[in-house]
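Here's the structure, in structure tokens; my notes come after.
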Amino acid sequence: MTMVYGWLIVLIASIAQGLTGFGFALIAVPLLSLVLPFNQIVPIVVGLSLVSNLVMIWRLYKHVELKKIWPLIVFGFIGIPIGGYLLLVLDGVILKISVGLLIFGFAILLLRRVTFPIRNEYLAYPTVGLFSGILNGSISASGPPLVLFLANQGKDQQVFKANLAFYSIFLNLSTLAVFYFNGTLDREVASIIVQLLVIMIAGTGIGMAMARRIDQQMFRKLVIYLLIASSVSMILGAIPF
């Protein structure tokens, strides 16, 4: 019964991932926490996210803006240890709530069609990458800065998802390496990931097929709504009840 529940969660979350390019962890983590311990959920989600991103890159690799986004990857890795340091010197609750409110505010502006287009993207990507890396190292939330930036720039959905997936692959691999060496990624976790692989691949494919049937305006709205949900989840998750 537990595995059937897991399949259903992964299917729904992977469809969202294939549809918008992100959101898998947002949906999967809280629902899987009802049946699995948290120390297993995180490596499982990261491992499955890697598979989903690989599937998307396999289909969208022609849309990756490699010349523009390589600084994103480099500065993302630079930001990770900075984020780890901030986590030691700042209150984690305040940090999560502050970031959540910031993301929420920008998402609402985007929803109201208020944008701040940046002409020189070559200079913007290092800043976005650094901020993303800092958030990844501090509160494990690397995606929102890049999603906000790509949405603000009005990127075509294929380019949006290709760039996001390409960047995420590097973060997924580095995170899994850490989990492997600290023992979090063990045989039991790896076995669960393998059992869920087919569902993850199928769901991602379904989501990508659905995305081809929606226009750019609808895609943009879906992305913004997921951002809002992500920020609210971050804020509520940080508040001690």
- [ ] May I ask you to decide if Leu54's main-chain N or O and Arg59's side chain share a donor-acceptor pair within less than 3.5 Å?
- [x] no

Task: Same apolar cluster (I L V M F W Y, side chains within < 4.5 Å links), Met218/Leu19 - done: yes

Task: Any pair counted as side chain to side chain donor-acceptor pair (under 3.5 Å), so long as it reaches residues 194-206, sequence neighbours left out - done: Ser52-Thr204, Ser191-Gln195

- [ ] Determine, stepwise, if the pair Phe77 / Phe170 fulfils side-chain contact (heavy atoms from CB on, under 4.5 Å).
- [x] CA-CA 9 Å; Phe77 282 120; Phe170 286 89; 4.0 Å; yes

Open item on the list: Do Ser231 and Leu101 have side chains that approach each other closer than 4.5 Å (heavy atoms only, starting at C-beta)?
Closed with: no

Open item on the list: Are the side chains of Val223 and Leu150 in contact, using a 4.5 Å heavy-atom criterion?
Closed with: no

Task: Interatomic spacing from CD1 in Ile206 to CG in Leu11 - rounded to 0.5 Å - done: 5.5 Å

Open item on the list: If I take atom CD from residue Glu188 and atom CD1 from residue Ile44, how far apart are they, to the nearest 0.5 angstrom?
Closed with: 8.0 Å

Task: Leu8 side chain reached by Leu31 side chain, heavy atoms, under 4.5 Å - done: no

- [ ] Looking only at non-hydrogen atoms, find the nearest pair between Gly18 and Ala211 and report the distance.
- [x] O-CB, 4.4 Å

Open item on the list: I need the single residue from Ile15, Leu48, Val46, Val29 that forms a side chain to side chain contact (heavy atoms under 4.5 Å, CB included) with Phe24. Which is it?
Closed with: Leu48

- [ ] Return each pair, listed once, that meets ring pair (Phe, Tyr, Trp, His ring centres under 6.0 Å) where at least one residue sits in residues 94-127; pairs must be two or more places apart or across chains.
- [x] Tyr125-Phe149

TODO: Drop me the distance from Leu66's CG to Ile73's CD1, to the nearest 0.5 angstrom.
DONE: 7.0 Å

Open item on the list: I'd like to check Met200 versus Leu196 (side-chain heavy atoms, cut-off strictly below 4.5 Å). Are they in contact?
Closed with: no

Open item on the list: To the closest 0.5 Å, what do you measure between CZ (Phe75) and CG (Leu130)?
Closed with: 7.5 Å

TODO: Carefully, step by step, assess Gln17 and Ile27 under the rule side-chain contact (heavy atoms from CB on, under 4.5 Å).
DONE: CA-CA 10 Å; Gln17 178 87 1; Ile27 297 171; over 6 Å; no

TODO: Establish whether Leu32 and Leu197 are linked, either directly or via other cluster members, by ILVMFWY side-chain heavy-atom contacts under 4.5 Å.
DONE: yes

Task: Short side-chain to backbone donor-acceptor contact, Thr20 and Phe22, under 3.5 Å - done: yes

Task: Derivation of the side-chain contact (heavy atoms from CB on, under 4.5 Å) call for Arg220 and Ile224 - done: CA-CA 6 Å; Arg220 187 173 182 276; Ile224 295 172; 3.6 Å; yes

Task: Closest contact, heavy atoms only, Ala165 versus Ile57 - done: CB-CG1, 3.9 Å

TODO: Kindly give the heavy-atom pair with the smallest separation between Ile235 and Ile97, and that separation in Å.
DONE: CG1-O, 4.1 Å

Task: Pairs satisfying side chain to side chain donor-acceptor pair (under 3.5 Å), at least one member in residues 144-164, at least two apart - done: Glu65-Lys155, Glu65-Asn163, Glu121-Gln153, Glu121-Lys155

Task: Minimum-distance pair of heavy atoms, taken over all atoms of Ile103 and Pro144 - done: CD1-CB, 3.3 Å

- [ ] Can you tell me which residue pairs pass the side chain to side chain donor-acceptor pair (under 3.5 Å) test with a partner in residues 166-175, sequence neighbours excluded?
- [x] Asn53-Asn172, Ser132-Tyr167

TODO: Quick one: list whatever passes side-chain contact (heavy atoms from CB on, under 4.5 Å) with Ile94, sequence neighbours left out.
DONE: Asp91, Ser98

Open item on the list: Which heavy atom of Ala124 sits nearest to which heavy atom of Ile118, and what is that distance?
Closed with: CB-CG2, 4.0 Å

Open item on the list: Applying a strict under-4.5 Å side-chain criterion to I, L, V, M, F, W and Y, I'd like to know whether Tyr180 and Leu176 cluster together.
Closed with: yes

TODO: Rounded to the nearest 0.5 Å, what's the gap from CG on Leu148 to OG on Ser230? Could you check?
DONE: 9.5 Å

Open item on the list: Listing request: all ring pair (Phe, Tyr, Trp, His ring centres under 6.0 Å) pairs with a residue in residues 201-230, at least two apart in sequence or in separate chains.
Closed with: Phe160-Phe219

TODO: Would you kindly confirm whether Leu227 and Val114 end up in one hydrophobic cluster when ILVMFWY residues are joined by side chain heavy atoms under 4.5 Å apart?
DONE: yes

TODO: Using a 4.5 Å cut-off on heavy atoms from C-beta on, say whether the side chain of Tyr5 contacts that of Leu34.
DONE: yes

- [ ] Taking all heavy atoms of Thr184 and all of Val189, pick out the closest pair and write down the distance.
- [x] O-CG2, 3.7 Å

- [ ] State whether the number of non-hydrogen atoms from other residues, nucleotides or ligands found under 6.0 Å of Lys68 atom NZ is greater than 12.
- [x] yes

TODO: Check whether Leu173 and Phe181 end up in the same hydrophobic cluster, where Ile, Leu, Val, Met, Phe, Trp and Tyr are linked by side-chain heavy atoms less than 4.5 Å apart.
DONE: yes

- [ ] Any chance you could measure Lys221, atom NZ, to Leu111, atom CG, to the nearest 0.5 Å?
- [x] 8.0 Å

